[in-house]
Asker: 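The following block contains the structure, expressed as structure tokens.
Any value given below was found using the heavy atoms of this structure, including those in side chains, with hydrogens, waters and symmetry copies removed. What you are looking at is a predicted structure, and each value in this text was computed from that prediction instead of being measured.
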Amino acid sequence: MTSGDAPLEFIGIEKIGSKPKSKQFYPFAYSLLDTMKETYCWTCLKKEVEVTCKTCNIAKFCTSECESAGSFDHKYECPALQKFPELKIEERMLLRIVGRYLDIQNGVDKKIADFYKNRESSRSVMEIWHHCEEMKNDVNAVRNFDRIYNAIEEFLGKIDKDIVFQLHSRNFINRHSISNPDYLIEIGKGLYLDLCRYDHSCRPNAIYSCNGTVASLRALHDNVDLEDVEKTHYTYIELPPCKIQRRHMLKETWYFECHCERCDDPADNWLTSVICPTCINGSEFRNTIKIHGPEAYANQETLEIICSRCQTTLDREYVYFALEGMRTIRQTLDGATDVSTDTMELLKIYQGALISYERVLPMSNSYFCQLIAAMIPLVQRASMTRRERAIASLDLHAKCEPFVRYVYRYAHPSKAMHFLQMGQLHDELGNGKEAARYLIEAHRIMDYLFGPGHYLSNQTKNLMNYVLQTLKTFQKNFVNVLERVPEAKDALNQRFLMKDEKLAIKEAAKNKKNKNKKNKHKGKQYIQEKNVENDELGDLPELISQI
């Protein structure tokens, strides 16, 4: 962070430990996203499709065996897809949930040997949390349900609409994103009846990841007991937003106001802080000031916000301008792609917002950091030389690093990905030591979370080993050079000496020089007295004078 920025607390990977823990969960129902249904198997979710359902001509499978195994789920949606090929994930998912629920209620599950294979759960679908009443009072939620229900009504059979609504509300509240095995993109949604027992936290001590339909809850450090549902938490939302944004997202979708450890931590109010206008105008010192939370006010009655450094009271107009800046950045991020999809145009839009508020919002500000993070993938695609892209991208990564360390605690994979990218960029720019430092940190997180056989662990390890081997080779060659050229070794040592040590060496050199002058004078006298011819001495006098 820049001088004077907010004192965000960092939790480093040294607190991870060495005993990774994970717990597996199986879905009650799952379905692919609309954008993924053509390229991923509808049963195992692998990115290999060779077989198409001959009945609906929509569903894809990697093998005929997967088609057969997936018939338990696909039978619920297949008739609907024959009539409406463009059914969205909401409709396909609900058809699977309702169909499976009816089969269990009617005892069909007992007649099928593999009905619960890789679908085990300690709870029934009606036992999970639902928020039905809140959803019934939410106009948008009811409108969304009516749209889905109308699209699939004729395929549901004899079932009460209220039961469908109860199943829909449980799905809407509890479903999880399913990522690809590389943990890089979302490919579907899954309803995991046991996984949704764990509550949300904006400062999680666990995360879940997916390998096909199987979800794994993974501890972020050794002191997490995954069997303790009360004390183990993962996040329902993305973590970079500030408290105001996070609470809004959670209230809108899950109908509760979050009071987790992070939301109740006064330090989190640094994420909406501003730069003192007096300090930066007077000395370019970016002193950061909170404008949210009771601790932000020097006077609780007048609600005055005072800079701790220069004691200036912030004008209300300045605070309003900063708040407007945060809203503008959020709107810019949400709507930029509606204006243009061109990389350079988007960069100009984001740079315009950055320039407008870089003297108002500090690097600890959540909105400002999200703006910088949005620029990173654009810079990597921009029309520049490879080196220019690497330099610009590394600069943006470095600016975000303190914020990333604060938001993603312990062995969080998002922190590891940030460090992996920084390591790659440092390596590309020839900064071997810095590359190694970030890659070692990234590898330790990946290896702890996913194990040594995971794609991300292997990728990070291979790059780390390459950089370390390059450094060792360089070091070996460097030492050989120093041994052959003592002058270079002396010059290198000089760079790392303390001020007092350099002064002492300088004095010693001065004394040695004075001594050499005296010896040189004595040598000349000795030569003259012995009447030795110059051609007999050769270059000896010159060599003597340099001793």
Side-chain angles (χ1 to χ4, degrees), residues 1-9 202 237-252 257-336 339 349-375 399-400 402-403 406-407:
M1 290 188 180
T2 56
S3 179
D5 209 340
L8 297 181
E9 178 192 7
C202 298
I237 57 174
E238 56 185 5
L239 296 176
C242 66
K243 182 192 305 183
I244 299 169
Q245 288 179 287
R246 297 196 309 271
R247 282 182 168 171
H248 174 74
M249 288 188 285
L250 291 166
K251 190 75 171 178
E252 188 176 50
E257 181 172 291
C258 188
H259 284 281
C260 69
E261 178 189 352
R262 180 181 170 190
C263 285
D264 287 343
D265 184 356
D268 208 63
N269 288 319
W270 285 119
L271 302 193
T272 51
S273 57
V274 301
I275 297 171
C276 174
T278 303
C279 287
I280 194 171
N281 287 334
S283 62
E284 292 296 316
F285 186 88
R286 294 171 177 259
N287 196 45
T288 305
I289 307 172
K290 288 183 185 178
I291 61 172
H292 287 108
E295 71 280 1
Y297 304 112
N299 188 318
Q300 294 292 334
E301 294 182 1
T302 62
L303 300 182
E304 289 181 334
I305 301 173
I306 299 175
C307 174
S308 60
R309 183 172 181 266
C310 68
Q311 302 304 311
T312 298
T313 300
L314 291 190
D315 292 334
R316 290 184 183 273
E317 290 75 13
Y318 182 78
V319 176
Y320 294 150
F321 178 72
L323 291 171
E324 182 60 32
M326 296 181 217
R327 281 192 291 269
T328 300
I329 288 175
R330 185 69 262 165
Q331 291 167 359
T332 299
L333 292 173
D334 290 341
V339 177
I349 292 172
Y350 292 155
Q351 284 176 331
L354 187 147
I355 292 169
S356 298
Y357 299 106
E358 65 181 349
R359 294 177 65 84
V360 178
L361 305 179
M363 279 306 308
S364 54
N365 187 282
S366 167
Y367 295 85
F368 200 68
C369 249
Q370 289 177 75
L371 177 64
I372 291 175
M375 295 172 66
K399 285 178 178 177
C400 291
F403 182 80
Y406 169 77
V407 169

Asker: For a 4.5 angstrom cut-off between non-hydrogen side-chain atoms, does Tyr357 reach Asn365?
Answerer: no

Asker: Does Ala374 have any side chain to side chain contact (heavy atoms under 4.5 Å, CB included) partners at least two apart in sequence or in another chain, and if so, which?
Answerer: Leu333, Tyr350

Asker: Could you walk me through whether Asp268 and Tyr406 pass side chain to side chain contact (heavy atoms under 4.5 Å, CB included), step by step?
Answerer: CA-CA 10 Å; Asp268 208 63; Tyr406 169 77; 2.7 Å; yes

Asker: Measuring from Leu371:CG to Ile329:CD1, what's the distance to the nearest 0.5 Å?
Answerer: 5.0 Å

Asker: In Å and rounded to the nearest 0.5 Å, what is the CH2 to CG distance from Trp270 to Asp265?
Answerer: 12.0 Å

Asker: Going by the rule side chain to side chain donor-acceptor pair (under 3.5 Å), which residues pair with Arg330 if we only count those two or more places apart in sequence or in a different chain?
Answerer: Asp334, Gln370

Asker: Gln351: which residues meet the side chain to side chain contact (heavy atoms under 4.5 Å, CB included) condition with it, sequence neighbours left out?
Answerer: Met375

Asker: Which atom names give the shortest non-hydrogen contact between Arg246 and Cys263, and what distance separates them?
Answerer: NH2-SG, 3.3 Å

Asker: Looking only at side-chain N and O atoms, does Asp5 offer a donor or acceptor that is under 3.5 Å from a partner on Thr288?
Answerer: yes

Asker: Using a 4.5 Å cut-off on heavy atoms from C-beta on, say whether the side chain of Val274 contacts that of Val319.
Answerer: no

Asker: Of the non-hydrogen atoms in Thr272 and Tyr367, which two are nearest, and what is the gap between them?
Answerer: CG2-CE1, 4.2 Å

Asker: Run the side chain to side chain contact (heavy atoms under 4.5 Å, CB included) test against Ser356 and tell me which residues pass, sequence neighbours left out.
Answerer: none

Asker: Name all residues meeting the side chain to side chain contact (heavy atoms under 4.5 Å, CB included) criterion together with Glu317; count only those two or more places apart in sequence or in a different chain, and write none if there are none.
Answerer: Asp315

Asker: Of all the heavy-atom pairs spanning Ile372 and Cys400, show the shortest one and how long it is.
Answerer: CG2-SG, 3.5 Å

Asker: So, His292 versus Asn269: side-chain donor-acceptor pair below 3.5 Å or not?
Answerer: no

Asker: What donor-acceptor contacts under 3.5 angstrom involve side-chain atoms of residues 302-313, with partners at least two apart or in another chain?
Answerer:
{"residue": "Gln311", "atom": "NE2", "partner": "Ser308", "partner atom": "O", "Å": "3.1"}
{"residue": "Thr312", "atom": "OG1", "partner": "Thr278", "partner atom": "OG1", "Å": "3.4"}

Asker: So how far is it from Leu361 CG to Ile275 CD1, rounded to the nearest 0.5 Å?
Answerer: 7.0 Å

Asker: Do side-chain atoms of Gln245 reach the backbone of Cys242 as a donor and acceptor pair under 3.5 angstrom?
Answerer: yes

Asker: Do the non-hydrogen side-chain atoms of Met363 and Cys369 ever get within less than 4.5 Å of each other?
Answerer: yes

Asker: Give, for atom SG of Cys202 and atom CD of Glu238, the distance between the pair rounded to the nearest 0.5 Å.
Answerer: 11.0 Å

Asker: If you round to the nearest 0.5 Å, how far is CD1 of Ile237 from SG of Cys258?
Answerer: 7.0 Å

Asker: Identify the heavy atoms of Arg262 and Leu271 that sit nearest to each other, and give their distance.
Answerer: NH2-CD1, 3.2 Å

Asker: Heavy-atom count around Arg316 CZ within 6.0 Å, excluding the residue itself: above 12?
Answerer: no

Asker: Which distance, rounded to the nearest 0.5 Å, do you find between the SG of Cys276 and the CG of Leu314?
Answerer: 6.0 Å

Asker: Given Phe368 and Glu358, is the side chain to side chain contact (heavy atoms under 4.5 Å, CB included) satisfied, shown in steps?
Answerer: CA-CA 8 Å; Phe368 200 68; Glu358 65 181 349; 3.8 Å; yes

Asker: Do Tyr318 and Val360 have side chains that approach each other closer than 4.5 Å (heavy atoms only, starting at C-beta)?
Answerer: yes

Asker: Just wondering, do Pro266 and Lys290 contact through their side chains at under 4.5 Å, heavy atoms?
Answerer: yes

